[in-house]
2 protein chains.
Amino acid sequence: MKSEKEIFDNYLIKKNLRETPQRGLILDTFLKHEEHISAEQLYDIVKKRDPSLGQATVYRVLKLIVEAGLAREVDLGDGVMRYEHNYNHPHHDHLVCRGCGKTIGVFDSVIEELQKRVAESYGFELTDHEMYLYGFCENCRKRKQ
Amino acid sequence: MKSEKEIFDNYLIKKNLRETPQRGLILDTFLKHEEHISAEQLYDIVKKRDPSLGQATVYRVLKLIVEAGLAREVDLGDGVMRYEHNYNHPHHDHLVCRGCGKTIGVFDSVIEELQKRVAESYGFELTDHEMYLYGFCENCRKRKQ
DNA sequence: ATTGCAAATGATAATCATTATCATTATTAT
DNA sequence: ATAATAATGATAATGATTATCATTTGCAAT
Ligand SMILES: [Mn+2]
Ligand SMILES: [Mn+2]
Ligand SMILES: [Zn+2]
Ligand SMILES: [Zn+2]
């Protein structure tokens with residue numbers, strides 16, 4: 001099993017791109033962070049180690065990380081794209097609290113199978129999907145009444 | 001069974017808002033259009049009938065139409081919000097072709113039930129969800145090979 | 001080492017859908 | 001009629017992301 005760094009470096013080589021300190025730092029920082037993270041949040045962390053690093057580079061490298069298969073985009077519909085680990089972190093969908101924003105990764109293999117079947121029934125070949133379940137968590141429900 | 005216009009007018013009254021020609025025209029135009037439509041697309045149509053109408057009004061009235069329960073937002077992730085009918089048009093999710101953009105409304109009651117169950121298993125009370133299935137339609141698959 | 005070239009970076013401007021602002025106009029209540 | 005309130009349209013602002021471009025860096029061939 002290859003490490004994330006190896007996978008990223010192989011991707012760079014395959015695309016004739018160079019390994020740079022900025023790319024290394026951004027990848028490392030992203031990998032250390034276990035929760036969803038936005039480009040701006042990542043930029044704020046990375047800036048502490050290298051204050052000269054520009055935020056355009058963070059956007060650029062995040063895109064590379066996604067292309068290399070190490071990250072996956074999470075669009076919660078608030079206008080900010082977030083990124084989560086996608087290697088050794090199997091596919092899951094998201095359960096999001098409308099009260100406090102708490103997010104939980106969830107997976108249901110029956111739903112996944114039915115999604116494929118629905119798509120096929122319309123002649124589609126399913127490549128991917130997005131499923132966001134919105135509601136109120138236990139804490140937020142208690143707080144309301 | 002109340003008409004859409006009645007529902008909208010009742011909503012306006014309840015909120016102490018006024019019935020205006022602009023609101024009437026925008027609602028009518030939206031209702032006549034059966035497919036998903038963006039604010040800008042709707043503005044282009046409405047402008048033909050009333051060239052003095054501003055696009056800010058279209059955004060404002062679309063929001064009212066959603067609040068009144070007559071429309072539902074569709075976010076296909078391309079940065080443009082679209083709106084579809086939500087009255088006498090039962091809930092459905094979307095199957096989207098990554099090749100040509102073709103969109104099909106789909107519904108699977110088993111998936112819907114399982115979504116509720118997954119949420120409950122984490123103590124959440126499900127209020128709504130988004131599910132987008134992406135793939136390639138029959139035409140686009142043929143075209144590729 | 002030196003030169004030449006492609007790629008990378010950082011600063012900054014541009015983009016673009018959506019919102020906010022605000023002066024003007026229209027509607028309602030008194 | 002008068003005052004109060006709401007609605008509109010024009011326009012500016014917003015904010016995340018992307019494009020641009022001058023400068024710097026890494027690498028290769030001489
Ligand atoms: Mn997640
Ligand atoms: Mn639809
Ligand atoms: Zn909550
Ligand atoms: Zn297609």
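Numbers restart at 1 for each chain; the letters A, B, ... are given by sequence-line order, proteins then strands.
We find that CG of L64(B) is positioned 12 Å from P of dT19(C), with the value rounded to whole Å. As rounded to whole Å, 14 Å separates atom P of dT9(C) from atom NZ of K63(A). Protein atom OH of Y59(A) is 18 Å distant from nucleotide atom P of dA14(C), rounded to whole Å. Taking atom CZ of residue R60(B) and atom C1' of nucleotide dG9(D), one finds them 7 Å apart after rounding to whole Å. Here dT17(D) presents its C1' atom at 10 Å from CE of M81(A), a figure rounded to the nearest Å. Here the C1' atom of nucleotide dA16(D) and the CG atom of L42(A) are 15 Å apart, to the nearest Å. The distance from atom OH of Y83(B) to atom P of dA17(C) is 13 Å, rounded to the nearest whole Å. The CG-P distance, from D75(B) to dT18(C), rounds to 9 Å in whole Å.
Side-chain contact check for D128(B) and H91(B): no donor-acceptor pair (N or O, by modelled atom type) lies under 3.5 Å.
Side-chain to base pairing of R18(B) with dT28(C): no donor and acceptor N or O lie closer than 3.5 Å to each other.
Atom CD of E19(B) has 12 or fewer heavy atoms from other residues, nucleotides or ligands within 6.0 Å. No more than 12 heavy-atom neighbours from other residues, nucleotides or ligands sit within 6.0 angstrom of NZ on K15(B).
Closest approach to the A56(A) side chain among dA8(C), dT21(C), dT12(C) is made by dT12(C) (side chain taken as heavy atoms from C-beta onward).
Both E19(B) and Q55(B) lie close to DNA chain C; mapped to their nearest nucleotides by heavy-atom distance, the more 5′-ward contact belongs to Q55(B).
In terms of phosphate contacts, T20(B) brings a side-chain nitrogen or oxygen within less than 4.0 Å of OP1 or OP2 of dT8(D). One finds a side-chain N or O of T57(A) lying less than 4.0 angstrom from the OP1 or OP2 phosphate oxygen of dG10(C).
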Take F124(B) and L133(A) through the test side chain to side chain contact (heavy atoms under 4.5 Å, CB included) and record every step on the way to the result.
-> CA-CA 10 Å; F124(B) 273 60; L133(A) 306 179; over 6 Å; no
Criterion side chain to side chain contact (heavy atoms under 4.5 Å, CB included) on L27(A) and I65(A), from CA distance to verdict | CA-CA 7 Å; L27(A) 177 62; I65(A) 294 173; 3.8 Å; yes
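Listed in residue order, the members of residues 46-53 of chain A having a heavy atom less than 4.0 Å from DNA chain C are S52(A), L53(A).
Just one of R82(A), E84(A), E73(A), Q41(A) meets the side-chain hydrogen bond (donor to acceptor under 3.5 Å, both in side chains) condition when paired with H36(A); it is E84(A).
A donor-acceptor pair under 3.5 Å is formed between the side chain of H89(A) and the backbone N or O of Y87(A).
Backbone-only engagement by R23(A) is indicated by non-hydrogen atom pairs under 4.0 Å involving sugar-phosphate atoms exclusively.
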